[in-house]
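Report on the structure given below.
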There are 2 protein chains.
Amino acid sequence: MRAGTQRPVAHTDRGETSDDDVQRRLSEYISKKGLRQTPQRRLIVDVFLHAGRHLATEELLAEVRKRNPAIGYATVYRTLRLLAESGIAEERHFGDSVTRYERADTEHHDHLICTECGTITEFEEPRIERLQDAVADKHGWTLETHRLELYGICPECTRKRRPTPPRVRK
Amino acid sequence: MRAGTQRPVAHTDRGETSDDDVQRRLSEYISKKGLRQTPQRRLIVDVFLHAGRHLATEELLAEVRKRNPAIGYATVYRTLRLLAESGIAEERHFGDSVTRYERADTEHHDHLICTECGTITEFEEPRIERLQDAVADKHGWTLETHRLELYGICPECTRKRRPTPPRVRK
DNA sequence: TTCCCTGCAAAAGTTTTGCACTACT
DNA sequence: AGTAGTGCAAAACTTTTGCAGGGAA
């Protein structure tokens, strides 16, 4: 949409945009909006990009404070909102009451969530995506995003529930 | 699973269990658990069953107070939790920070949510359900429930956005 | 009579906001 | 220099909990 400055975007083998590229996109957004670069923001973004996925704000705060204990939680909340606005992060709400953020620059995926241990696994299923488009279309909607979460028992918890393989015949 | 007391369950043409039947199931749950029937609970359940779907707790409270202004909000919160525990209601969390409840006795459906006006429309798509089972299976999970939400612009908002059909050619 | 339920107020947990000060640009 | 950002504390919101009194079984 903006010609001239186009640059090939580097992707990792997971479909992720490189961290540098993300930082670049953020800088662009920040200057475009007349906002400012700060050490706090750089730190928070860095932690966000390298942390495991689906980090709750509070978890991220803890991680950030390991590197700079002076950071206030309001700053973290504000920066994560900024990341969401700039399209770099996406807000998620799973069953609990906290907000989680996830990188928005990966290939699309949905989530399997274990109701026993809380493990979150990602998956992709293009056929489901296609059917979603079809549904939206049929109802006259213009789709923007979606959220698909499958709740159940993960393989490990299933194993724990049955310590011995069911070899006995009742 | 419980023989002897079986009774044919009445369903409406939307796949809903009748209100009487729900009240009966709730009474059963209440007495089984040694709990008590109260006027407040009866009122809240009645409002819940007849109200539009996806009511936020606060909305339900307002509705309830129209009929009995003395009801405390803690009672509503507690009763809705009771309904969820008894399997009559299901908790939902859409984008916002409030908890919503929905009748759990209808045929399964998912949601289309308008990001502009907040309208929620329901839909069913068995082919998506089947693919979900397949995904869970492939990853070794035992599925319990799922949640699929499609976010976009509803037909009405789409219309409002384009007051005049795009007849002009730039 | 027992003890579950209610309503109120206070507490808890998460996120937002107001403000004085700091520090990017 | 001008103004957005920060850290702190207080406020806002939603939901839960403690408790004394009331009422269902």
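Residue numbers begin at 1 in each chain, while the letters A, B, ... track the order of the sequences.
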Spacing between [X] atom [atom1] and [N] atom [atom2], to the nearest angstrom:
X	N	atom1	atom2	value
L26(B)	dC5(C)	CG	P	11 Å
E59(A)	dT15(C)	CD	P	11 Å
L43(B)	dT6(C)	CG	P	11 Å
Y29(B)	dC4(C)	OH	P	14 Å

Can you find a side-chain donor-acceptor pair between T75(A) and Q40(A) that sits under 3.5 Å? no
Whether E28(B) and K32(B) form a salt bridge (side-chain N of Lys/Arg under 4.0 Å from carboxylate O of Asp/Glu) is what I want to check. no
Just N and O in the side chain of [X]: are any of them under 4.0 Å from OP1 or OP2 of [N]?
X	N	result
T99(A)	dT14(C)	no
Q40(B)	dG7(C)	yes
T38(B)	dC4(C)	no

Mind checking which nucleotides bracket the chain A contacts on DNA chain D, 5' to 3', with an atom under 4.0 Å from a heavy atom? dG2(D) to dA10(D)
Sequence neighbours excluded, every pair satisfying salt bridge (Lys or Arg N to Asp or Glu O under 4.0 Å) that has a member inside residues 76-89 of chain A: none
Considering only side-chain heavy atoms of P39(A), which listed nucleotide, dC4(C), dC24(C), dT15(C), is closest? dC24(C)
Taking for each residue the nucleotide of DNA chain C bearing the nearest heavy atom, is the 5' side occupied by I30(A) or by T75(B)? T75(B)
5′-ward residue of the pair Y77(A)/R36(A) relative to DNA chain C: Y77(A)
Does R78(B) get its side chain close enough to the base of dC5(C), under 3.5 Å, for a donor-acceptor pair? no
Please list, chain by chain and in numerical order, all residues satisfying salt bridge (Lys or Arg N to Asp or Glu O under 4.0 Å) with R147(B), sequence neighbours excluded. E149(A), E149(B)
Looking at E129(B) and H146(B), what are the two nearest heavy atoms and their distance? OE1-CE1, 3.3 Å
For R41(A), which contact category applies under a 4.0 Å heavy-atom criterion: base, sugar-phosphate, or nothing? sugar-phosphate
Between CZ of F48(B) and CG of L43(B), what distance do you get to the nearest 0.5 Å? 13.5 Å
In terms of heavy-atom contacts, does CD of Q23(A) have more than 12 from other residues, nucleotides or ligands at under 6.0 Å? yes
Residue pair R42(B)/A74(A) against DNA chain D: nearer the 5' end by closest nucleotide is A74(A)
